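Below you'll find the structure, written out as C-alpha cells, and then a few comments.
Here the structure is a predicted model, which is why all the values come from computation and not from measurement. Side-chain atoms are counted along with the backbone in the values below, which use heavy atoms only and exclude waters and symmetry mates. Convention: sequence-line order gives letters A, B, ...; per-chain numbering from 1.
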Amino acid sequence: MPISGFPEWMPPQRMIEQRVIDRARATFELYGYAPLETRSVEPIETLLSKGETSKEVYLLSRLQAEKAEEGQLGLHFDLTVPFARFVTENAGKLQFPFKRYQIQKVWRGERPQEGRYREFLQADIDVVNRGTLPFHYDTEMPLVIGDVLSGLPVPRARIQVNNRKVCEGFYRGLGLAQTDEVLRIIDKLDKIGPNAVKEQLVAKVGATEAQADTCLALADISSEDGSFVDAVRKLGVSDPLLDEGLEELLRVVETARDHAPGLVVAELKIARGLDYYTGTVYETQLEGYERFGSICSGGRYDNLATVGNESFPGVGISIGVSRMLGILFGQQALAVSRSVPTCVVVALPHEELRADCDRTAGALRRRGIPAEVAPTAAKFGKQIQYADKRGIPYVWFPGRDGEPDTVKDIRSGEQVEADAAAWEPPAADLHPVISGS
RNA sequence: GUGGUCGUAGCUCAGCUGGUAGAGCACCGGGUUGUGGUCCCGGGGGUCGCGGGUUCGAGUCCCGUCGAUCACCCCA
C-alpha cells in the first residue's frame with residue numbers, strides 16, 4: 001500500500017535518479033564543493049529557530065516513550081538549516097570559506113501533489129564564511145546549477161534571480177515601511193493578478209494608489225541583461241539599499257551572461273524564500289514546465305548562523321531532485337534504454353554447463369561489462385526473450401564442442417564470434433542510456 | 001492542514017435509470033525439442049481501493065477512510 005507523499009519508484013526511474021545524483025555530485029566536486037552528510041534529525045528548537053514555524057515538521061518519537069520526552073527531535077525539512085547548525089557547531093574544525101554539497105532526503109508534512117512529496121531528495125550546495133562572505137559566490141551558484149542541468153537530458157533551465165535588497169530598498173525609498181508585507185503581497189502577483197495585488201497593498205500596508213502602481217511596475221521588470229537597472233531607475237525611487245541590491249543583481253546577471261548566456265534572467269517579482277534570505281534569491285523553471293513552478297531555488301542568508309557575536313553568512317542553492325524527476329516522469333519526458341544494468345545475458349544450454357557460463361560472465365565482468373547468466377536452461381528463444389523484455393542488448397552463446405562462442409545483438413539480430421576475454425560492446429551499450437523527449 | 005475531482009484485471013478503459021463483471025493490450029501455454037520479436041489456437045487473472053450504511057439485492061446510492069490529482073497554504 002502506498003503512503004501518501006512517500007513515492008517509491010521503479011528501477012528504471014531509480015536509474016535515472018542515480019544518474020542525476022552522479023551528475024550533481026561530479027559537477028559539485030568540479031567546483032570544489034566538499035561532500036557532507038548531516039544527521040536526519042535536529043532538535044525542534046533548531047528546526048524552528050529561524051521563524052520556520054510554517055513548515056510542517058515530522059517529529060520523531062520512540063514507541064516505548066513514557067510521555068513527551070524532553071529534547072524532541074524532528075526530521076529536517078531542508079539541508080540549509082542543519083548545515084548552519086553544523087557550521088556553528090564545528091566552526092573550529094572547518095576552513096573558511098567552507099564550500100560543501102549535500103545530497104539527502106528531507107521531509108515536509110505538506111499535502112502531496114505531482115512533484116510535491118513529503119519525503120524527497122535535494123541536491124544542495126552552500127558556501128559559508130566567517131564574518132563576511134564575498135559576493136562572487138552569489139554569482140557562482142547559478143553557474144554550477146546550469147552546469148549540472150545542461151549535462152542531463154532535461155529541458156533547458158531558466159534561473160530567475162532577484163535581490164531582496166532591491167525590493168526592500170525600493171519599498172522603503174518609496175515610503176512603504178512594511179517591506180516584508182509588501183513583498184508577501186507582491187509574491188502573489190502571478191496568482192491573484194495586478195488588480196488584487198494593488199487592492200491588498202492599499203488595504204494592508206496603507207499604500208497610495210500611486211505607490212501600489214509603482215510597486216507593480218517594479219515587479220514587472222524582467223531582463224536577461226543589465227537593462228533592468230535603468231528600468232528601475234526610471235521609476236524614480238532612490239535608497240542606499242536599493243543601490244546596493246541593484247549592483248549585486250547586476251553582477252549575477254552579467255557573470256551569467258558571460259559564462260552561460262540564456263541561463264539567468266533578472267526577474268524582479270521573485271520574492272520567495274522570504275524566511276532567512278537577505279540578498280540574492282534564486283528560482284528555477286524548466287522550459288515548457290513553467291506551470292510546475294520552481295525545481296531549484298536558494299539564496300543568500302547573512303544571519304542564519306551565528307555564534308556569540310560572530311556570524312557565518314552564506315549563500316546556497318538546492319535542486320529538488322525528486323520534484324524535478326516526478327514532474328518529468330509524469331509527462332513521460334525521461335526514458336532509460338533498459339530496465340536493468342545488465343549488458344549481456346549469457347545463454348545457458350544445459351544446467352550442467354552453468355559453471356562454464358558463470359566463468360564466461362565473470363570474464364566479462366572483470367572487464368567492466370555487466371553480465372548475468374540466464375536464470376534457467378530454457379529454450380534459447382525464451383532466453384533471448386528474457387533479455388529482450390528487459391532491454392538487454394546482447395545474448396552470449398557458448399560454442400558447442402570446441403566451437404568459438406558467439407554474441408548476438410538482439411536488436412539487429414547480428415551474431416558474431418567472440419572471446420569473453422576480449423570482446424567489448426560499443427561504449428553506448430555498456431550502460432543504460434538516459435534520454436529526454 | 002482546508003476545499004474540489006477521481007479510484008473497475010499488470011495497463012487503457014466499458015458497464016444504460018441499483019439485479020452479484022467485460023474488451024483491447026500485456027502475461028502464461030501450445031502450433032514451431034531448443035536463437036525471440038509476426039500470425040493462429042487456448043489459458044490464468046478482479047473481495048469493482050478499503051470499511052460501514054440504505055435496499056430483497058450495490059461496481060452502480062449515502063457516510064467514513066486510504067490513495068491519486070487540482071486549488072489554497074507553502075515550497076524542492
Near RNA chain B, counting only heavy atoms under 4.0 Å, which residues of residues 11-20 of chain A show up? none
With heavy atoms under 4.0 Å as the rule, sort A/Tyr386 into base, sugar-phosphate or nothing. nothing
Using the P atom on both, measure B/rG51 against B/rG46 and round to a whole Å. 16 Å
So, does the side chain of A/Gln383 form a donor-acceptor pair with the base of B/rU35 at under 3.5 Å? no
Across every strand shown, the nucleotide meeting Watson-Crick or G-U wobble geometry with B/rU35 (both distances under 3.5 Å) is none
In whole angstroms, the gap separating C1' of B/rC72 from CZ of A/Arg184 amounts to 17 Å
Of the candidates B/rA76, B/rG1, B/rC28, the side chain of A/Arg111 sits closest to B/rG1
How is A/Ala387 classified with respect to the nucleic acid when contacts are heavy atoms under 4.0 Å: base, sugar-phosphate, or nothing? nothing
Hydrogens and angles aside, do A/Tyr31 and A/Asp147 bring a side-chain donor and acceptor to less than 3.5 Å of each other? yes
Go through A/Arg338 and A/Asp429 one step at a time and tell me if the salt bridge (charged side-chain N to carboxylate O under 4.0 Å, His left out) criterion holds. CA-CA 10 Å; A/Arg338 60 182 106 128; A/Asp429 288 337; 5.4 Å; no
Reading RNA chain B from 5' onward, which residue's closest nucleotide shows up sooner: A/Gly5 or A/Gly298? A/Gly5
Side-chain atoms of A/Ser4 come closest, of B/rA76, B/rA68, B/rC70, to B/rA68
Rounded to the nearest Å, what distance is computed from the CD1 atom of residue A/Ile3 to the P atom of nucleotide B/rC50? 18 Å
Test: A/Arg158 and A/Glu224 ion pair at under 4.0 Å: yes
Would you mind classifying the nucleic acid contact of A/Lys389 as base, sugar-phosphate or nothing, using non-hydrogen atoms under 4.0 angstrom? sugar-phosphate
Spacing of CD1 belonging to A/Ile392 relative to CD1 belonging to A/Ile384, to within rounding of 0.5 Å: 12.5 Å
Check whether NZ of the Lys or CZ of the Arg A/Arg411 lies under 6.0 Å from the centre of the six-membered ring of A/Tyr394 and within 45 degrees of that ring's axis. yes
Here the distance between atom C1' of B/rC74 and atom OH of A/Tyr276, to the nearest Å, is 13 Å
May I ask you to check whether over 12 heavy atoms, not counting those of A/Ile192, lie within 6.0 Å of atom CD1? yes
If I pick the P atom on B/rU65 and the same atom on B/rU5, what distance separates them, to the nearest angstrom? 15 Å
If a protein heavy atom is under 4.0 Å from the base, mark B; if only from the sugar-phosphate, S; if neither, -; do that for nucleotides 36-48 of chain B going 5' to 3'. BB-----------
Please report the distance, rounded to the nearest Å, between CG in A/Asp124 and P in B/rA76. 10 Å
Does B/rA76 have OP1 or OP2 sitting under 4.0 Å from an N or O in the side chain of A/Ser318? no
A/Asp126 and A/Tyr301: side chain donor to acceptor below 3.5 Å: yes
If you check every side-chain atom of A/Lys188, which of B/rC70, B/rC73, B/rU35 has the closest atom? B/rC73
Hunt down the Watson-Crick or G-U wobble partner of B/rG57, both distances under 3.5 Å, from any strand shown, or write none. none
With side-chain contact (heavy atoms from CB on, under 4.5 Å) as the test, pick out the partner of A/Ile317 among A/Asp138, A/Ile145, A/Thr280. A/Ile145
Counting heavy atoms not belonging to A/Glu287, are there more than 12 under 6.0 Å from its CD? yes
Touch check for A/Gly115, heavy atoms < 4.0 angstrom, all strands: base, sugar-phosphate only, or nothing? base
Donor-acceptor pair between A/Tyr101 and A/Glu29 side chains, under 3.5 angstrom: yes
Need the pair for B/rG24. Rule: Watson-Crick or G-U wobble, both distances under 3.5 Å, any strand; none if unpaired. B/rC11
Can you tell me if A/Tyr117 is stacked onto the base of B/rA76, using a 5.5 Å centroid cut-off and an angle below 30°? no
How many Å lie between CD on A/Gln122 and C1' on B/rC74, as a whole number? 14 Å
Other residues, nucleotides and ligands only: do more than 12 of their heavy atoms fall within 6.0 Å of CZ on A/Arg172? yes
Looking only at atom P, what distance separates B/rC61 and B/rG7, rounded to whole Å? 10 Å
Just checking, is any N or O donor in the side chain of A/Gln102 or A/Thr38 under 3.5 Å from an acceptor N or O on the other one? yes
Please state how far atom CD in A/Glu56 lies from atom P in B/rC72, giving the value in whole angstrom units. 18 Å
Please give the distance between the C1' atoms of B/rA9 and B/rG22 as a whole number of Å. 10 Å
Rounded interatomic separation in angstrom, taking CZ from A/Phe6 and C1' from B/rA68: 16 Å
Please determine, for B/rG51, whether a Watson-Crick or G-U wobble partner exists with both distances under 3.5 Å, and give it or none. B/rC63
Between B/rC16 and B/rG49 - P atom distance, rounded Å: 15 Å
Quick check on RNA chain B: between A/Ser322 and A/Pro2, whose nearest nucleotide comes earlier from the 5' end? A/Pro2
For a quick test of reading the model: is some side-chain N or O of A/Lys379 closer than 4.0 Å to OP1 or OP2 of B/rU35? no
Rounded to whole angstrom units, what separation is found between the CZ atom of A/Arg116 and the C1' atom of B/rG67? 17 Å
Contact under 4.0 Å: A/Gln113 side-chain N or O vs B/rC70 OP1/OP2: yes
Whether the side chain of A/Ser294 engages the backbone of A/Cys296 through a donor-acceptor N/O pair (distance < 3.5 Å, no angle test) should be reported. yes
Relative to A/Phe83, does A/Arg100 satisfy both conditions: NZ or CZ under 6.0 angstrom from the six-membered ring centre, and within 45 degrees of the ring's axis? yes
Taking B/rG29 as the reference, what is the distance to B/rA21 when you measure between their C1' atoms (whole Å, please)? 25 Å
Donor-acceptor pair (no angle test) under 3.5 Å: A/Arg108 side chain, B/rA76 base: yes
Interatomic distance at P, B/rC28 relative to B/rG44, whole Å: 16 Å
Between B/rU35, B/rU69, B/rC74, which nucleotide has the shortest distance from any of its atoms to the side chain of A/Glu114? B/rU69
Among residues 338-360 of chain A, which contact RNA chain B at a heavy-atom distance under 4.0 Å? A/Leu348, A/Pro349, A/His350
For A/Ser297 and A/Glu283, does a side-chain donor sit closer than 3.5 Å to a side-chain acceptor? no
Across every strand shown, the nucleotide meeting Watson-Crick or G-U wobble geometry with B/rG44 (both distances under 3.5 Å) is none
Look through every strand shown and name the nucleotide pairing with B/rC72 as Watson-Crick or G-U wobble, where both distances are under 3.5 Å. B/rG1
Could you measure between the two C1' atoms, the one in B/rC74 and the one in B/rG18, and give it in whole Å? 44 Å
State whether the number of non-hydrogen atoms from other residues, nucleotides or ligands found under 6.0 Å of A/Arg156 atom CZ is greater than 12. no
